[in-house]
There are 2 protein chains.
Amino acid sequence: MSGQQSRRGAENRLRIVETASELFYHKGYGRTSFSDIAHAASFPRGNFYYYFKTKDELLDEVVEYRLQGLRAMVSEWSALHDDPAERIACLADMLEQSADDIVTWGCPIGTLISELGKADERLQARARELFDVIIDWLREQLEALGHGLQSDVLAKLLVSRIQGITTLAQAYHDREYLDYEIRCLREEIRRIANREHAHECRE
Amino acid sequence: MSGQQSRRGAENRLRIVETASELFYHKGYGRTSFSDIAHAASFPRGNFYYYFKTKDELLDEVVEYRLQGLRAMVSEWSALHDDPAERIACLADMLEQSADDIVTWGCPIGTLISELGKADERLQARARELFDVIIDWLREQLEALGHGLQSDVLAKLLVSRIQGITTLAQAYHDREYLDYEIRCLREEIRRIANREHAHECRE
DNA sequence: GTCTATAGAGGGATAGAC
DNA sequence: GTCTATCCCTCTATAGAC
């Protein structure tokens with residue numbers, strides 16, 4: 001095979017990354033060992049080090065993998081609707097679809113960034129890019145809605161609302177609470193789109 | 001000395017718990033080792049096991065210690081003001097005072113619960129009591145403001161807002177963002193107190 | 001009650017056979 | 001490229017001297 005890695009090698013690499021991504025979500029980065037990943041992906045432990053020199057490098061690749069998924073997701077939302085308000089509402093749809101996971105393991109992005117915040121500054125900075133993708137995309141939609149300079153604040157407000165909701169939903173494993181708050185979030189998105197939402201505050 | 005433990009012993013026990021509580025906040029529970037605690041409190045490692053049989057038991061005591069602190073805090077707020085709205089605003093004062101810590105390590109309660117959510121169901125349930133203290137106290141204040149059945153939803157809304165804000169503030173180490181959102185939070189508290197805040201949503 | 005020494009398990013990482 | 005064997009370190013926890 002030409003290139004730096006054979007097709008088989010690339011497949012294995014992807015399988016490791018996908019398995020690691022899921023385990024990092026369910027167990028956390030620090031508590032997920034190579035043994036866990038090797039067992040879940042059913043291949044020998046030492047095999048890794050052909051693909052990744054360190055665990056940190058694996059995390060980098062997991063973040064890259066998730067970044068690609070996120071970027072594809074927001075692109076799809078942009079393609080699906082012309083109205084920015086409807087696009088933003090896709091975020092609520094997504095929460096609804098992953099509600100069971102959220103109640104069990106929390107937000108896959110928020111919990112990772114939170115964990116890495118206490119472990120390694122460099123790794124957290126990397127994972128933070130995941131937030132950036134969502135916030136940047138939201139800002140674009142809000143600018144299209146005519147929110148101008150408020151767009152950045154409002155984008156962060158929406159992400160912050162979601163973080164708060166998912167944190168409590170996970171803490172209490174409360175699906176009903178999550179469902180209710182997602183409905184509230186939809187209302188808030190509608191209000192923001194209609195410029196009925198006040199989030200400015202006196203300096 | 002009479003009782004189950006001498007005064008000296010009780011002092012040591014407290015010093016361990018205080019040191020552990022701080023390290024759990026800064027480094028996380030899983031990443032804090034007995035060596036870390038022993039070093040920070042400057043006493044030999046093996047010494048612990050006279051006081052605590054396991055690390056989980058230590059966490060239990062740390063949670064108990066923090067619960068006492070939290071309960072004392074909300075009691076003080078209740079004693080300080082007669083107006084429930086002013087009492088609730090104390091929460092914003094507290095965030096302001098601990099802003100530097102929040103930007104560095106996040107919310108001490110939220111990050112602990114989030115971490116334990118991926119580690120141990122039992123330990124998370126214990127730590128969740130920390131949320132309960134705040135939510136229960138907020139609900140009482142909101143009931144006093146006449147919010148009736150909405151009090152529970154609004155109490156959780158406030159805690160959720162704080163979780164979202166602290167998560168983003170920590171992720172971006174952004175003190176300006178945190179200061180801004182605390183000001184917004186004050187406005188929201190004011191609006192809630194004046195019944196101007198709509199959080200109901202259609203079922 | 002206090003401290004040392006160490007067991008025992010599991011982690012990340014490496015060397016080298018195939 | 002793939003897999004085994006193993007090193008070394010750190011962690012929790014224990015045994016037992018003082």
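Sequence lines set the chain letters: A, B, ... in the order given, protein chains first and strands last, and positions in each chain run from 1.
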For atom CG of A:Asp56 and atom P of C:dG11, their distance in whole Å: 17 Å

For atom OH of B:Tyr51 and atom C1' of D:dT12, their distance in whole Å: 19 Å

Under-4.0 Å side-chain N/O to phosphate OP1/OP2 contact, A:Ser33 with C:dG11: yes

d(NZ, A:Lys55; P, C:dG11) in whole Å: 9 Å

Geometric class of the A:Phe48/A:Phe43 ring pair [parallel <30°, tilted 30-60°, perpendicular >60°]: perpendicular

Spacing between A:Ile37 atom CD1 and C:dG11 atom C1', to the nearest angstrom: 12 Å

Contact under 4.0 Å: A:Asn12 side-chain N or O vs D:dG1 OP1/OP2: no

Rounded distance in Å - CZ (A:Phe52) to P (C:dT14): 15 Å

Side-chain N or O of A:Asn47 closer than 4.0 Å to phosphate OP1/OP2 of D:dC3: yes

Closest approach of A:Leu116 to A:Tyr29 (non-hydrogen atoms, all atoms of both residues): CD2-CD2, 3.9 Å

Rounded distance (Å) that lies between atom P of C:dG11 and atom CG of A:Leu23: 12 Å

Sugar-phosphate only, base, or nothing, as touched by B:Phe34 at under 4.0 Å among non-hydrogen atoms: sugar-phosphate

Whole angstrom value for the distance that separates P of C:dG16 from OH of A:Tyr50: 19 Å

Under 4.0 angstrom between A:Tyr49 side-chain N/O and D:dC3 OP1 or OP2: no

Distance, rounded to the nearest Å, where A:Leu59 contributes CG and C:dA13 contributes P: 12 Å

Contact under 4.0 Å: A:Ser35 side-chain N or O vs C:dG11 OP1/OP2: yes

